[in-house]
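For reference, the structure is listed below as structure tokens.
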Amino acid sequence: MAIEFQGVTKKYPDGTVAVDDLSLTVEDGTITVFVGPSGCGKTTSLRMINRMVEPTSGTVLLDGKDIRETDPPTLRRGIGYVIQHAGLFPHRTVLSNVATVPLLSGWDKARARKRAAELLETVGLPAELGKRYPAQLSGGQQQRVGVARALAADSPVLLMDEPFSAVDPVVREGLQDELLRLQSQLGKTIVFVTHDIDEAVRLGDKVAVLRVGGRLAQYGTPSDVLRH
Ligand code: ADP
Ligand code: ADP
């Protein structure tokens, strides 16, 4: 599902312009990375796709349709979301964290748990870790659970906000490889936010470079962006 920003601006009530007249298209089935320094509007841009943040002006289209025509809960059912510290429920086991998603969409418990176990395997986690609580996993393992949970929604769109930033560089490379491998199988439309240009170039089919003030400085393939 393509995502289109048409002249999108977000000005917060205190006057901060976080995103300034952003226009670009995230093509269907690709990974687009939003990169730039802290405060350049990456998270705000991402959250305007699932209506966690509403633009001040401009339009966001999903699959050609203005997202304002879809109420936020319905919209979010089609959009997975992964954040930096995985955002796991601390008082539920790893398996239950993932199984919650299919349960919420009406699957019975046995089927939801089976699906969750498959997803843990998909992201490279040993089955026995399913019984642990999130705090008993390493940072890298928690991020894998976060990715498994986002995949559980089976949604065509995945939003990832600095999902690998809290883990050490070696683990991060493993997670990046895993994401690229998953993407080659699943073909989702992924918007990935990072402040790390190396990560952006490694993962992106397209890279959008933002600068502080929320303006798009560059948009193109990784080699286009590196050339400038
Ligand atoms: P990034 O993800 O690139 O770090 P953000 O989108 O989080 O950038 O923030 C962009 C700008 O908007 C920053 O100046 C930030 O301080 C400001 N900002 C973010 N959220 C809010 C908010 N809720 N209210 C006011 N200003 C905000
Ligand atoms: P990583 O390099 O992936 O961040 P860590 O060094 O944090 O790994 O953890 C190494 C191993 O120790 C992992 O297999 C993890 O599951 C296990 N581990 C980490 N913290 C805990 C904990 N609090 N309880 C049980 N096992 C843990």
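Numbering of residues begins at 1 and proceeds along the displayed sequence. Both ligands and their constituent atoms are indexed starting at 1 by order of listing. Worth saying up front: this structure is predicted, and the values here are computed from it rather than measured.
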The reported gap from CG in Leu120 to CG in Leu129 (rounded to nearest 0.5 angstrom) is 8.0 Å

Show the numbers, then the answer: is there a side-chain hydrogen bond (donor to acceptor under 3.5 Å, both in side chains) between Asp196 and Thr194?
-> CA-CA 5 Å; Asp196 177 356; Thr194 181; 5.1 Å; no

Report all protein residues having a heavy-atom distance below 4.0 Å to some atom of ligand 1; order the list by chain, then number.
-> Tyr12, Asp14, Thr16, Ala18, Pro37, Ser38, Gly39, Cys40, Gly41, Lys42, Thr43, Thr44

Answer with yes or no whether the hydrophobic clustering places Met52 together with Leu62; edges join I, L, V, M, F, W, Y residues whose side-chain heavy atoms lie under 4.5 Å apart.
-> yes

Flag yes if Ile83 and Leu75 sit in one hydrophobic cluster, no otherwise; membership is Ile, Leu, Val, Met, Phe, Trp, Tyr, and two members link when side-chain heavy atoms are under 4.5 Å apart.
-> yes

Inter- and intrachain pairs under ring-ring contact (aromatic ring centres under 6.0 Å, His included), touching residues 174-223, at least two apart | Phe164-Phe192

Residues Leu216 and Ala208: closest non-hydrogen pair is CD1-CB, 3.8 Å

